[in-house]
Amino acid sequence: MSNDRRKPYPFDDIEARWQAHWEEQQTFHVLNPGEPGFDPSRPKYYVLDMFPYPSGTGLHVGHPEGYTATDILGRYKRMCGYNVLHPMGWDAFGLPAEQYAIRTGQHPAVTTAQNIANFKAQLKRIGFGYDWQREVNTTDPGYYKWTQWIFLQLYHSWFNPETNRAEPISTYTGEEPARVRLAYVSEAPVNWCQELGTVLANEEVTDGKSEVGGHPVERRPMRQWMLRITAYAQRLIDELEGLDWPESIRSLQRNWIGRSEGAEVHFQVADLERRITVFTTRPDTLYGATYLVIAPENRIIDEITTEEQWPAVREYRERTARKSDLERTELAKEKSGVWTGAFAVNPVNGEKIPIWIADYVLLGYGTGAIMAVPAHDERDLEFARKFALPIREVVSPEPRLGLGGSSPCSAEPLECFAGEGYAVNSGPLDGLPTDEAKREISRRLEAEGLGYKTVNFKLRDWLFSRQRYWGEPFPVIWDYGEHSAVSEAELPVTPPAMVDFKPSGTPEPPLSKDADWVRYSDTARRETNTMPQWAGSCWYYLRYIDAQNADRFVSKDAEQYWMGGDKPGGVDLYVGGTEHAVLHLMYARFWHKVLFDLGHVSTPEPFQRLVNQGLILGEDGVKMSKSRGNVVNPDDVILQYGADSLRCYEMFMGPLKDAKPWSMTGVEGVFRFLARVWRLVMEENQAGEWVLGKVAETEPDKAARKVIHATIKKVTEDIEDLAFNTAISQMMIFVNHFTGVTPRPVSAIRTLLQVLNPFAPHLACELWDTLNQRFPGPQGDLADQPWPAYDPQFLVEDEVELVLQVNGKIRDKIVVQLDAKNAEIEAAAMASPKIQEWTAGKPVRKVIVVPGKLVNIVL
RNA sequence: GGCGGUGUGGCGAAAUGGCAGACGCAGCAGACUUAAAAUCUGCUUCCCUUCGGGGAGUGCGGGUUCGAGUCCCGCCGCCGCUACCA
């Protein structure tokens with residue numbers, strides 16, 4: 001006798017069988033236009049998951065949340081008659097994979113292959129309907145050949161400000177094409193992470209620490225590849241408008257791009273032929289500028305610092321440089337700085353004001369120099385107070401007639417007023433409201449060549465090279481100090497199969513250790529940097545469309561079919577976590593726009609509709625983490641309750657977008673529901689075998705029919721709204737109803753299985769087949785059956801219960817004919833004994849009748 | 001500090017401005033069973049009750065409305081992201 005507890009239903013047997021069936025039949029393989037058997041009359045639906053990073057730890061329960069949602073949509077749309085593209089792949093280059101390889105002492109190619117095999121097996125165990133023939137792997141030479149090819153497109157093009165789009169570099173008529181290419185080399189201070197042995201993009205650094213591993217990051221000047229994403233800043237903001245994306249993500253992107261309107265103003269350095277340009281969003285406060293501040297890294301400091309101040313300035317710059325970004329932000333509470341000994345001349349009033357350096361001014365933003373207006377900027381005020389610099393009020397919250405404001409050079413502490421108001425102490429601007437004052441001062445500055453209106457962005461160009469082994473090599477060579485692209489025919493540029501791929505701990509990339517590989521010709525050497533992790537994920541959704549194409553990154557026809565179509569076009573639904581709000585989602589938009597401008601893709605935006613699934617928390621209500629020991633492994637859940645239970649539970653937990661805590665007893669509840677579905681059809685015989693139960697070809701009665709059609713309606717609408725939790729609730733209501741009905745009508749059960757199929761496909765397919773063996777039914781797999789339609793006539797009753805209220809409080813209920821006239825309803829309501837009791841002796845002021853709902857009697 | 005989200009039973013949650021708490025978990029009771037598990041049936045927001053019913057209730061305070069969880073104004077708490085961005 002088995003010591004196994006009897007399973008309420010044999011999910012393990014069913015699930016393995018159907019997964020094998022889908023694989024054998026290639027059920028979820030979808031054809032491209034032009035392929036034999038392709039049906040062009042069907043509309044397309046492209047439903048995309050954010051492909052996973054195949055880490056060594058395998059899937060966690062967060063992965064299947066989004067994946068189940070898209071799988072439901074995919075299976076549903078398929079039943080609705082769409083050609084559904086639902087692919088999966090691996091984002092396998094990058095730091096964590098390489099760190100993992102180093103830790104386990106294996107080559108990243110080996111560990112990556114293992115991790116992918118593991119992930120893939122896990123995904124298959126959940127029964128996702130992916131078209132595995134379209135699987136992509138960013139580390140596959142057949143894939144990154146095209147990543148490199150896209151890099152060449154960037155390299156060979158420039159952004160034409162006239163046309164506001166990328167064009168081939170051949171249309172550039174200027175002197176120095178190297179200065180305008182979308183991919184270019186720059187020597188600038190970058191985020192160097194000693195621990196990881198590489199530089200990082202701004203987006204990969206938070207609070208002065210690396211996103212990966214949380215290691216300290218310092219600024220150091222290095223020669224690096226950059227992508228000119230800033231050229232697209234405005235379009236990246238503007239074109240968010242038409243997208244069906246969560247407002248939070250759009251605002252995060254806007255925020256990151258950080259557009260601000262203002263002016264650049266030139267300040268002459270006193271006694272020197274040199275000017276300093278500052279950027280300000282408040283040119284109207286120019287009369288209140290009492291000193292300038294320059295970022296410590298700004299080279300102009302070398303030219304203006306006086307001899308007496310040099311030691312102090314040098315000491316301060318060295319101290320700042322030694323500070324990591326982390327320290328710099330942590331110590332932000334306390335302002336620090338040094339006077340350069342120099343003065344600048346305020347262009348509007350000729351006043352000599354001191355020039356300071358301070359690390360609260362950042363080199364990378366604006367011009368790396370500011371005019372300080374302590375009366376109207378918190379940071380400037382703090383600094384001015386610390387160093388006893390003058391504070392002058394030039395904006396008043398209220399309009400002031402005649403003279404006013406504080407004494408012109410008062411250094412007395414006053415409240416910082418950073419809002420908009422009216423100009424004071426500002427010569428010709430006096431009395432003007434802030435917005436007019438801004439316009440007026442800009443006009444005057446421009447007329448005299450002292451400045452101009454401009455727009456500034458927080459967004460910087462994308463630092464695109466890494467000093468690591470596990471990434472795409474650049475298709476670039478260096479000859480006599482000049483870079484040039486290799487020809488397309490030489491792609492892919494594969495990295496050498498190195499044994500020693502560890503970072504050297506210096507900015508020298510590991511690839512440079514292989515002299516044979518580096519040597520390209522007698523004089524030319526290969527670029528030894530590699531691309532960052534984000535490169536491969538910037539365009540993978542395009543490769544799925546035509547994953548095997550050896551001649552193009554994606555064929556034109558296939559691209560137009562899957563990405564084109566109705567107006568906005570692009571991927572129809574993209575589901576993934578918020579963590580990619582500004583990194584992947586902005587980089588991908590940028591690349592896509594370049595490809596669009598160059599005529600390689602047919603839409604300006606890649607992802608039409610974006611949905612973020614919420615975080616799944618541990619049972620203790622906090623984020624799952626190894627250290628807390630609250631991580632749930634999907635494999636364990638499948639082992640105990642089956643894949644269908646895992647899928648349904650993750651959808652039943654709550655709204656897709658919300659964060660929600662895991663609950664094992666909740667899984668059990670959903671499991672019980674699926675077992676009830678099973679027993680709707682099957683029962684155990686004396687021998688303990690599952691056999692067909694009390695099912696018959698009978699007509700459902702009226703109540704049953706109502707449940708059937710209400711379920712079709714609710715599930716259909718809820719899937720469209722991604723409200724899977726309530727769709728499942730409705731199916732539970734269906735099952736609860738039919739549990740009490742014998743014999744159970746076959747037609748009703750079939751309908752249930754059709755709508756259940758996207759959620760619990762193994763169970764639904766199994767029961768569908770079982771029914772078909774006994775009762776002749778529709779041919780073919782359940783996956784290919786049409787989605788059922790509901791008939792509204794079965795949803796309406798001829799009688800309806802109305803709530804009777806007196807002054808808004810419920811006092812009674814009555815049943816009336818659906819088509820009863822308002823007057824009849826009112827009469828029936830007034831006739832109710834309870835209503836008479838409550839209204840006794842009081843005049844009725846008003847009666848509100850809402851047909852089908854209620855009657856409210858107002859006294 | 002900024003932006004976004006969110007507040008409803010013991011818990012996860014549900015409610016086109018119209019019966020608050022569907023559905024599920026947990027709990028209680030009953031059936032079946034020698035017994036337990038499983039399964040099935042019923043109850044389950046809180047307070048009062050003479051068991052007929054009555055009152056309160058969706059973070060807090062106002063407002064609009066015949067009627068507000070839902071709309072408007074003002075607060076408070078929690079979560080996430082971001083932050084010397086001039």
Side-chain angles (χ1 to χ4, degrees), chain A residues 5-8 206-207 246-252 254-256 258-260 262 278-282 285 293 295 328-329 331-333 335 358-362 364-373 376-380 382-383 418 456-460 578-579 581-582 612 614-615 617 619 621-623 649 652-655 657-670 672-673 675-676 679 684 723 725-733 735-736 739-740 801-810 812-813 834 845-850 852-859:
Chain A
R5 230 180 56 200
R6 271 203 65 80
K7 293 203 166 58
T206 311
D207 290 340
E247 182 49 38
S248 60
I249 300 292
R250 297 198 297 174
S251 107
L252 278 172
R254 272 189 225 109
N255 226 311
W256 188 267
R259 180 182 199 275
S260 49
V278 303
F279 173 74
T280 177
T281 53
R282 292 296 298 271
T285 62
V293 189
R328 220 166 131 167
T329 40
L331 300 174
K333 300 147 210 159
K335 291 274 180 293
D359 64 4
Y360 81 93
V361 173
L362 309 173
Y365 185 75
T367 60
I370 63 158
M371 65 179 207
V373 185
H376 306 289
D377 182 285
E378 289 281 0
R379 297 150 299 176
D380 296 346
E382 198 188 323
F383 192 83
N456 211 336
F457 294 95
K458 242 162 55 171
L459 183 71
R460 323 287 161 77
T578 342
E579 66 271 23
V582 283
N612 292 123
L615 211 58
L617 308 170
E619 298 225 38
V622 293
K623 204 163 167 170
Y649 174 65
F652 186 64
M653 292 172 83
K657 292 173 207 157
D658 292 5
K660 41 215 173 265
W662 187 268
S663 155
M664 265 314 175
T665 53
V667 180
E668 224 167 299
V670 169
R672 275 200 285 266
F673 157 66
R676 280 158 71 89
R679 285 195 308 269
E684 261 180 301
N725 53 334
T726 47
I728 293 172
S729 294
Q730 181 61 42
M731 291 189 276
M732 287 172 168
I733 291 170
V735 172
N736 290 346
T739 296
E801 190 184 56
L802 294 188
V803 169
L804 304 186
Q805 296 180 335
V806 177
N807 284 341
K809 289 198 183 294
I810 296 155
D812 200 7
K813 293 173 186 182
K834 290 219 183 101
R845 289 227 316 259
K846 201 195 238 180
V847 177
I848 286 144
V849 178
V850 183
K853 292 279 183 199
L854 55 70
V855 179
N856 189 11
I857 295 151
V858 186
L859 299 180

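Below, chain A is the first sequence line, B the second, and so on; all start at residue 1.
Distances shown here put every side-chain N or O of Asn856(A) at or beyond 4.0 Å from the OP1 or OP2 atom of U65(B). For the pair Arg679(A) and C40(B), the criterion of a side-chain N or O lying under 4.0 Å from OP1 or OP2 is met. Residue Arg676(A) places at least one side-chain N or O closer than 4.0 Å to OP1 or OP2 of C40(B). For the pair Asn807(A) and C66(B), the criterion of a side-chain N or O lying under 4.0 Å from OP1 or OP2 is not met. Proximity of Ser260(A) to the phosphate of A86(B): a side-chain N or O atom is located under 4.0 Å from OP1 or OP2. A sub-4.0 Å separation between OP1 or OP2 of C23(B) and a side-chain N or O of Arg672(A) is absent. Between Lys846(A) and C66(B) there is a side-chain polar atom (N or O) within less than 4.0 angstrom of OP1 or OP2.
Look at NZ on Lys623(A): it is 10 Å from C1' on C81(B), rounded to the nearest Å. Distance CD (Glu247(A)) to C1' (U82(B)): 16 Å, rounded to an integer number of Å. The separation between Lys660(A) atom NZ and G24(B) atom C1' is 15 Å, rounded to whole Å. Spacing between atom CE of Met732(A) and atom C1' of A13(B) amounts to 12 Å, rounded to whole angstrom units. For the pair Phe652(A) CZ and C25(B) P, the computed distance is 8 Å after rounding to whole Å. Here C81(B) presents its P atom at 14 Å from CG of Asn255(A), a figure rounded to the nearest Å. The interatomic distance linking Glu668(A) (CD) with U39(B) (C1') rounds to 14 Å, in whole Å. Between the C1' atom of A86(B) and the CZ atom of Phe457(A) lies a distance of 16 Å, rounded to the nearest Å.
Which of A86(B), G18(B), A14(B) sits closest to the side chain of Pro655(A) comes down to A14(B). Closest contact between the side chain of Ile733(A) and the listed nucleotides G18(B), C84(B), C23(B) involves C23(B). Closest to the side chain of Asn725(A), out of A86(B), C19(B), A13(B), is A13(B). Among the nucleotides A86(B), A22(B), C66(B), the one closest to the side chain of Ser729(A) is A22(B). Of the candidates C23(B), A86(B), A26(B), C23(B) carries the atom nearest the Asn736(A) side chain, counting heavy atoms from C-beta on. For Leu252(A), counting side-chain heavy atoms from C-beta on, the closest listed nucleotide (A14(B), A86(B), C81(B)) is C81(B).
Stacking of Lys335(A) on the aromatic ring of Phe383(A) is not recorded, the 6.0 Å distance cut-off and the 45° axial limit not both being met.
From Lys834(A), atom NZ reaches atom NZ of Lys813(A) across 10.0 Å, with rounding to the nearest 0.5 Å. Atom CD in Glu382(A) sits 10.0 Å away from atom CG in Asp377(A) (nearest 0.5 Å).
A donor-acceptor contact under 3.5 Å is formed by the side chain of Lys335(A) with the base of C84(B).
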_Dot-bracket notation for RNA chain B, counting Watson-Crick and G-U pairs under 3.5 Å, with | for partners on another strand_ = (((((((..(((.....[....))).(((((.......))))).((((....))))..(((((..]....))))))))))))....
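U8(B) and U45(B) have their C1' atoms separated by 10 Å, with the value rounded to a whole Å.
Contacts of Gly258(A) with the nucleic acid, taken as non-hydrogen atoms under 4.0 Å apart, are absent. Using a 4.0 Å heavy-atom criterion, one finds that Ala659(A) contacts the sugar-phosphate atoms exclusively. Contact annotation for Glu801(A): base contact, defined as any heavy-atom pair under 4.0 Å involving a base atom. Contact annotation for Gln730(A): no contact, since no heavy-atom pair falls under 4.0 Å across all strands.
Side-chain contact between Asn807(A) and Val858(A) is present, with at least one heavy-atom pair separated by less than 4.5 Å. Side-chain contact between Asn736(A) and Arg676(A) is present, with at least one heavy-atom pair separated by less than 4.5 Å.
Ring pair Tyr365(A)/Phe279(A) is perpendicular by interplanar angle, where above 60° counts as perpendicular and below 30° as parallel.
What you find for Trp256(A) and Lys458(A) is that their closest heavy atoms are O-CB, 3.7 Å.
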*Using a 4.0 Å heavy-atom cut-off, write out nucleotides 52-58 of chain B from 5' to 3' as B (base contacted by protein), S (sugar-phosphate only) or - (no contact).*
--SSS--
